[in-house]
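Following: one structure in structure tokens, then a few remarks.
Below, read A as the first sequence line, B as the second, and so on, with proteins coming before strands; counting in each chain starts at 1. It should be emphasised that the depicted structure is a prediction, and the values quoted were computed from it without experimental measurement.
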Number of protein chains: 2
Amino acid sequence: MRPTECDYAANVTLGIIEGKWKLLLLCHLRNGTKRFSEFAHLIPGITQKVLTYQLRELEAHGLIKREVYPVIPPKVEYSLTEYGESLVPLMDLMNLWGENHRERIKPTERIC
Amino acid sequence: MRPTECDYAANVTLGIIEGKWKLLLLCHLRNGTKRFSEFAHLIPGITQKVLTYQLRELEAHGLIKREVYPVIPPKVEYSLTEYGESLVPLMDLMNLWGENHRERIKPTERIC
DNA sequence: CTGGATCCCCGCGGATACTG
DNA sequence: CAGTATCCGCGGGGATCCAG
């Protein structure tokens, strides 16, 4: 309630959430385990390097689990951890607010 | 539920929320109207340029209201709009999650 | 008092090529 | 298949100076 510094708690959350594709990745993982190539297919716009990077960060924060199967060809599965699921309410809220915001903006688009 | 693009609704929210000081500014405004100089005093780390910029963006998105009093010396007051208040639940949730995350991390700090 | 105008740095994210 | 390595551009944010 007295956020006199930039270490405001909500900013901690923001620091973990922010990243162009993180929320999208987390959202996809809510529907179940995903492989690296599945993400690349689901999200055509992302490059391999960035996909790797964002997944690594989510993993570093304990939100997702990375499981490597020592087979050929390689197989890696990503899944939401229990801790990652604690973000679900926040994701839902952000999703909801974002959709409302879109509809709020739309009327501006119609010029007529 | 089928976020095949980067225009995922939650990302819209993120785009409005993100910014190093925005959440903090919004939080301060929850306690009432603030003047420009008050922000500068409450948040020592922020520069005038950035403060101006972040306030302008929040205003552009309709979250805050900027009221200018034509007096000398200048007086400008910022306040939360009704739309801005619609973000309060999200802010609270982010704050809560952030605090929990801090405590979750702390044990790692104590090496003994 | 409330900014605007500049300059600068750094890191995120993108593009491309290569590898076990 | 699932990455790693390298280069690069852009923009957010900081520092500083100026202005009505």
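Side-chain N/O atoms of B:Arg56 include none lying less than 4.0 angstrom from OP1 or OP2 on D:dG12. Residue A:Thr47 places none of its side-chain N or O atoms closer than 4.0 Å to OP1 or OP2 of C:dA15. Here B:Arg35 does not reach the OP1 or OP2 of C:dC1: none of its side-chain N or O atoms lies under 4.0 Å away. Side-chain nitrogen and oxygen atoms of B:Arg66 include at least one within less than 4.0 Å of the OP1 or OP2 phosphate oxygen of C:dG3.
Rounded to an integer number of Å, the gap from CD1 of A:Ile72 to P of D:dC1 is 14 Å. Look at CD on A:Glu59: it is 15 Å from P on D:dA2, rounded to the nearest Å. Regarding A:Leu55, its CG atom lies at a distance of 16 Å from the P atom of C:dC12, rounded to whole Å. In this entry the distance linking CD of A:Gln48 with C1' of C:dG13 reads 15 Å, nearest Å. Residue B:Glu18 contributes atom CD, which lies 9 Å from atom P of C:dG13 at whole-angstrom precision. As a whole-Å value, the separation of A:Asn11 CG from D:dG12 C1' is 14 Å. Nucleotide C:dG3 holds its P atom 14 Å from the CD atom of B:Gln54, rounded to whole Å.
At a threshold of 4.0 angstrom between heavy atoms, the contacts of B:Phe39 with the nucleic acid are absent. Looking at heavy-atom distances under 4.0 Å, A:Lys49 makes contact with a base.
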CA sep, side-chain torsions, deciding dist, call: A:Lys22, A:Glu57, side-chain contact (heavy atoms from CB on, under 4.5 Å):
CA-CA 9 Å; A:Lys22 284 188 190 159; A:Glu57 283 196 336; 2.5 Å; yes
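Aromatic pair A:His61/A:Tyr83: centroids not less than 6.0 angstrom apart.
Remark: A:Lys65 NZ is loosely packed, at most 12 non-hydrogen atoms of other residues, nucleotides or ligands lying under 6.0 Å away.
The CZ atom of B:Arg56 lies 6.0 Å from the OG1 atom of B:Thr52; values are rounded to the nearest 0.5 Å.
Looking at which nucleotide of DNA chain C each of A:Tyr53 and B:Pro74 is closest to, the 5′-most match is held by B:Pro74.
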